[in-house]
Structure formats: C-alpha cells, structure tokens
Amino acid sequence: MARPNEQVGALLQEYADLVAITGGDAYRARVYEKAARSVAGYHLDVSTLDAAGLRAIPNVGTSIAAKVTEYFRTGQIAAVEELRAKIPAGVRELTEIPTLGPRKAMVLYDERGIASVQDLLDALDAGRLAGLKGFGPRTEENLRHGIDLLRQSGGRVDLGVATELAEEIVGALSKVPGCVRCTYAGSLRRMRETVGDLDVLAVSKNPGTIMDALTGLDLVAEVIARGNTKTSIRTTAGLQVDLRVVPPESWGAALQYFTGSKAHNVRTREIAVRQGLKLSEYGLFTVPRDEHDGDDEQGEQRGQRGRKGGRRRPAAEAVETGETGELVVSKTEEEVYERIGLPWIPPTLREDRGEIEAARAGTLPKVVTEKDIRGDLHTHTDLTDGVATLAEMVAAAAARGYAYYAITDHAPNLFMQRMTDAKMLSQRDQVRALGERYPKLTLLHGTELNIDPGGEVDWPEDFLAGFDICVASVHSHFNQSRAEMTRRIVRACENPAVNVIGHPTARLIGRRPPVDVDLEAVYEACARTSTALEVNASPDRLDLNDENILAAKRHGVKFAINTDAHAVAHLDLLRFGAGTAQRGWLTPDDVINTWPLRRLRTFLRKGRKR
DNA sequence: GCCGTTTTCGGCCCGACTGTTTTCAGTCG
C-alpha cells in the first residue's frame, strides 16, 4: 500500500485517540477511527486525489477530505497540532497499557500530571495515586502488571504458533464432559498473519466445568477473568486466550460475532439494524415494537450523553427484563448472513475491505482453497539446505495427492549451499527416474535462483533452459536503495527463464523488514512478462502479504502458493499460504498451481525460445 | 464527523467483566 495512505491513516488515528482522551464527542472519535482505516487501506494513492476523489473514500466527508488536503499542502493538520499541543504524546502512549483507556489516562494527566509510562510507574512507586477517584488498590496492581506486559514486546505470535496452540486448547476442551462443540474464532480463523490473542468458542451443558478445564491447563500462567460465559487466561508464552461459552442455539451468531473483524461486525450489525433486527453474539432478534416507539426519547438521551462523553445505556437491562424481541435465527453462520440478505462470507474476507459490498452485489470471489492446489512449486531437499531426501519429499508429495510437484534446490550463488552444475544435472536424472515410480504425479525439475544485486541470476540462458521451472529470489543485499532494489527485481522478471519471484519482499515477520522496493513497478513487470509472484506459505514469511496480493491482482498478476518446504512437515504449511491468498481475494484462476498441468506448462514456457 | 432503498437530521453495534462503586463508569473485544 502506498506510503502516503499509511501516513494519513496514522495521523487520523492519532486524532481519533486525542479526541477520545480529551473527552470529545465519542462518535466523532469513532468516525476518525473509521476514516483512518479506510484511508490506510484505500487502493489509490491518496496524495494524488482531489477533494472529490477523497470524498469517494468511505467515511471521508468534507471535513476529513479538507484535513487530508491540508496535510499534503502544508505537511501537517492544524487540528491535530492543536490537540498535540494540549496533550503530551506520552499520554496517548498510556492508553497502550491494558486496562488503561482514554478516560483514565486523562484523569492521570489532569490530576497527577502523569504524561508517560515512566511517570506512571514513578507515581505508582511513590504512592501518588492514592485518593484518586477510580484508582483503588486493584487498579494500581493492574496498571503495574499492564506496564510489565507492554514492556515484554508486542506479544503477537505468528500464525503457525497460534494455530498449534489453538488446536491444543480446542482439543483439550472438546474432551471435557458436557462440551458439545468447541472451535477457535477470532483473527486466527481469519488467518491474519500474526495473532494477538486466541478466541475460543464452546457450547457446553455445564459452563463451569469447561471454564475450570481451561484455567486448569498446564499452559496457563495467569487467570485474567473468570465468569460463567467468559473466561480469560494468559499462557506461559504470554498469549491471552478468551473462552466464551454460548447456548447451542446461539452457535452461528456467536461464531460470526467472535470471528470478527470488529469492522466487519459493525457493518453486519448496521445492516441488521436497518432491517429492524438486532444482531448480537446470542442471535439475530426482532426489535420489539415499544422500543421503536421509544426511539426518539432514547435517542435524545443518548445524544446528550454522547456530548458529555458518557456512554449509552447498555441493552443488558432489556435482556434481563425480557423486553428483547424474538430470536429469528442463529444456529449457523449461513442462516445469520442469509437472513440479513447476504451470502455466507469466508472468514478470511471479513475485514471490511469491500466484502460486504461484494456480497450484496453477488460478486464475492470464489476464493482459492488448499484443496484447489494441485502441486507445490517451491521445495528443497538435502542436496542443499533441506533436511529430507528427494525420495522422501516426493513420497510426501504423492501422499498429498498432488498432480505435479517441483523440486527447486538452491543455485550455486548461494555459496553456502555448494551447488554445482554436475550436482544439479545428477539430481535431474534422479527426478526423471523417480517420476516413473509415481504415474499420477508429474515431477518438475526446477531451481531457486538468486537474484544478484544487479538483477542477474546464477546460470546462463542455455543452462537455465534445461529446467522445467525457475523460482528466483532475493537472498542477500537487502539494504539496497529503493531504486536499485526495484531495478533488480524488475530485471529478474524480464529474464525469460524466471517463472516465479520467490518471497518477493524477503521479510521475516518480526525479524526482518521487507526490502524497500517499488512494488507497483514489480507488479507491472510481472503482469507484462508473465512472471508469477509467490505467496510463500511459511508462517514466518507470508510473503507476499494479503494487502500486497490485493494490489498485485489489480495489475493482472498471477500467483504461486508455495511452501518453500525444507522438510516433509513443511508441506503442511500450505494452508497458511492458501489463507493469505484468500485474504488477498485470490480465486483459483489467479493461482498457477491450481491449474491443470497443460495450462501450467504453457505459462512456464514464458519467453523461452524452445 | 459521516451517512441515507424509512431519513439531508438524528442517529451512530452490543455485551461481558472489573473495580469501586451503592447504581455504574471504564475498558475491552
């Protein structure tokens, strides 16, 4: 995504936070928050848009469009500067502490002059919070604890780690007597590339028993909250797990609700409201008549509270006193979506990135699934840095039912792998021989080339012509300038032997940032030269990521979802690649390794002479 | 401050848990 979009998005988010901290209108804060998200995720570069173009962005109206324009004209937004002058940056940082929101942060600043996390720690140590309204002993303890957590780094884990943990917990809870259903939801079900916490959902005849089962697991370091419908724990690895227990008839609504994302849920609830319905985690309900009649009065109260910065009355009373309308549906997600006039939307699309509009228009993509993939096109063996033999890898590929499978060991310029022409040709003979043992599986002999700093690859054209497929990747010189890196990768695309650009940004999640490259230029080159971009399924890469995939697809680029397996077990990581591709709205037609072999071979011929 | 197939004004998603409170505000998801 273009940088200007992210910059403006960050500024609007900051403004939203500052409005909330200063006790401004809560609805106004929320609008800025929504605008921040839509700007950051908008598909056009906002710095190139005029006022009308800006107002075409969802949640951007006259006022916000003017602020964006002002930002590109002057380099700042006066309204933001004004609030910055009133509220030190450290106060906003305070709200990153769990359990400390905008209201309490402002109290700390107003009453005690606390303007940073360190200030807060000092005040706690000096006992200076004593007597402050709303800050009792438990709150002090929670704040200290929150600061500890904050300082232990971001706390998000990768998709592989989160999936393993979630499956362990769901497995354990499913065995608890009385547990009827159990699964995970949340960002993990949506397959976000990192996961900040786990949401586990269960139906149980005996909620207490299943709560006890969770809090009793060996991996529990701390019980954060314990109720009869919700329990939260923190694992020894620092990950929070929320378990919700719902009645069986609420399963679909609860699964929909706890899968999120928050932005997607806001949209679905709004749609329900417009149809006179109410959607909660307990189901889709009709809104009773008298509540309609009372709308004006209630609205007035809400409006006033909103202006005072208070909150509206929760609907809990209505539930308790039985004023709630009748349950319409909620047994399955499909029912819930259908009743509000939408087809079921795959979890990986639920980010409010246009899926609601597409669902309404009947143009939701039929996203690619793991089952659509007919073969892995980027794998290694122990000839280079893999840990399994060629025979083992091929046997595993055959067992997965693949129609084709490419072996792509490293080329000589990754010097540590000691590849030679002779070794490669010898492997090719072995591949051909092995192929005869697997009549249903077509083996492709390939290689993973190194794109050198100038954009050249390992072998001359005539040697490259002997491969069925060539992946080419950046493995070194990650710090080149943007111009050099762009020229380097574009040049690789223009090489007639190169079929796939492997892990295109070379990032390692949480360890190495993506290389600085003009991705738009790369997408253009890929589309022009029939070079596919890889969706590397390894959970520490997921490269390209979802947003980049969306952008590349708009250029007409094709993709290959590959595991880059270095071991037999890695072939199973494919699902994370499929999930990431879904988040990028890819259909089987966009993905070359879902195609029949003939079509794939035609694509792989590219610009080669033979 | 944005938005509209009920509306260009009057709404804006909904509920659980905690802590400190004695009826509820704040935070979180």
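All heavy atoms count here, side chains included; hydrogens, waters and symmetry mates do not. Proteins get letters first, then strands, A, B, ... in listed order; numbering begins at 1 in each.
- Comparing dT8(B) with dG4(B), their C1' atoms are spaced 8 Å from each other, to the whole Å.
- When heavy atoms are screened at a 4.0 angstrom cut-off, Arg244(A) is found touching the sugar-phosphate backbone but no base atom.
- Ser187(A) contributes no side-chain N or O that, together with a main-chain N or O of Arg190(A), makes up a donor-acceptor pair within less than 3.5 Å.
- Under the 4.5 Å side-chain criterion, counting only non-hydrogen atoms from C-beta, Gln76(A) is not in contact with Glu70(A).
- Look at the C1' atom in both dC17(B) and dC12(B): the space between them is 24 Å, to the nearest Å.
- One interatomic measurement links the two molecules: CD of Gln256(A) to C1' of dG29(B), which rounds to 14 Å at whole-angstrom precision.
- The nearest whole Å value for the distance from the CG atom in Leu18(A) to the C1' atom in dG1(B) is 16 Å.
- Ile97(A) comes within 4.0 angstrom of the backbone, heavy atoms only, and of no base.
- Of all nucleotides present, only dG19(B) satisfies the Watson-Crick or G-U wobble test against dC24(B), with each distance under 3.5 Å.
- You'll find the side chain of Val19(A) stays beyond 4.5 Å of the side chain of Asp25(A), heavy atoms only.
- Counting all heavy atoms, side chain and backbone alike, Val245(A) lies closest to Asn228(A) at CB-O, 4.4 Å.
- Between dG15(B), dC13(B), dT18(B), one nucleotide has an atom nearer to the side chain of Glu281(A) than all others, and that is dG15(B).
- At a non-hydrogen distance threshold of 4.0 Å, nothing from residues 350-364 of chain A comes into contact with DNA chain B.
- Scanning atom types as modelled, no donor and acceptor separated by under 3.5 angstrom connect the side chain of Tyr257(A) and the base of dG15(B).
- The shortest distance between side-chain heavy atoms of Ser250(A) and Glu281(A) does not fall below 4.5 Å.
- Nucleotides dG15(B) and dT22(B) have their C1' atoms positioned 23 Å apart, rounded to a whole Å.
- Remark: C1' of dT27(B) and CG of Asp17(A) are 14 Å apart, rounded to the nearest angstrom.
- Under 4.0 angstrom from either OP1 or OP2 of dT20(B) there lies at least one side-chain N or O belonging to Thr139(A).
- If you find the closest nucleotide of DNA chain B to Lys262(A) and to Ala105(A), the one lying nearer the 5' end belongs to Lys262(A).
- Taking atom C1' on both dC14(B) and dC9(B), the two are 24 Å apart, rounded to the nearest angstrom.
- In this structure, Arg269(A) does not reach the dC13(B) phosphate: none of its side-chain N or O atoms is under 4.0 Å from OP1 or OP2.
- Remark on DNA chain B: of its neighbouring residues Arg226(A) and Leu100(A), the 5'-side contact belongs to Arg226(A), judged by nearest-heavy-atom nucleotide.
- Atom C1' of dT21(B) sits at a distance of 24 Å from the matching atom of dG29(B), rounded to the whole Å.
- One C1' atom belongs to dC13(B), the other to dC3(B), and the distance between them is 16 Å to the nearest Å.
- Atom C1' of dG11(B) sits at a distance of 13 Å from the matching atom of dT6(B), rounded to the whole Å.
- The CG-C1' distance, from Leu143(A) to dT20(B), rounds to 14 Å in whole Å.
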Protein-nucleic acid N or O pairs under 3.5 Å, nucleotides 2-5 of chain B:
from, atom 1, to, atom 2, distance (Å)
dC2(B), OP1, Gly61(A), N, 2.8
dC2(B), OP1, Gly61(A), O, 3.4
dC2(B), OP1, Ile64(A), N, 3.0
dC3(B), OP1, Asn59(A), N, 2.6

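- Between Tyr282(A) and dA16(B), a side-chain N or O to OP1/OP2 separation shorter than 4.0 Å is present.
- Counting only heavy atoms from C-beta outward, the side chains of Val80(A) and Tyr71(A) never approach each other to under 4.5 Å.
- Scanning for side-chain contact (heavy atoms from CB on, under 4.5 Å) contacts around Thr235(A) gives Leu165(A), Leu219(A), Ile233(A), Ala237(A), Leu239(A), Val241(A), with sequence neighbours left out.
- Considering only the side chain of Arg30(A), dC13(B) comes nearest among dG29(B), dT27(B), dC13(B).
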Donor-acceptor list for residues 173-186 of chain A side chains, cut-off 3.5 Å, not counting sequence neighbours:
from, atom 1, to, atom 2, distance (Å)
Ser174(A), OG, Val170(A), O, 2.6

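- Glycosidic torsion of dT7(B) falls within 90° of 0, placing the base in syn.
- When the salt bridge (Lys or Arg N to Asp or Glu O under 4.0 Å) test is applied to Glu357(A), the partners found at least two apart in sequence or on another chain are Arg267(A).
- For the side chain to side chain donor-acceptor pair (under 3.5 Å) condition, the pairs that include at least one residue of residues 81-98 of chain A, sequence neighbours left out, are Glu14(A)-Arg84(A), Asp17(A)-Arg92(A), Glu81(A)-Arg84(A).
- At least one side-chain heavy atom of Lys67(A) sits less than 4.5 Å from a side-chain heavy atom of Tyr32(A).
- One interatomic measurement links the two molecules: CG of Leu188(A) to P of dG29(B), which rounds to 16 Å at whole-angstrom precision.
- Here Asn142(A) reaches the OP1 or OP2 of dG19(B): one of its side-chain N or O atoms lies under 4.0 Å away.
- The CZ-P distance, from Arg138(A) to dT21(B), rounds to 14 Å in whole Å.
- Residues Glu333(A) and Arg350(A) are paired through a salt bridge, judged by an N-O separation under 4.0 Å between the basic side chain and the carboxylate.
- The CZ-C1' distance, from Arg103(A) to dT18(B), rounds to 18 Å in whole Å.
- Between the CD1 atom of Ile224(A) and the C1' atom of dT27(B) there is a distance of 13 Å, rounded to whole Å.
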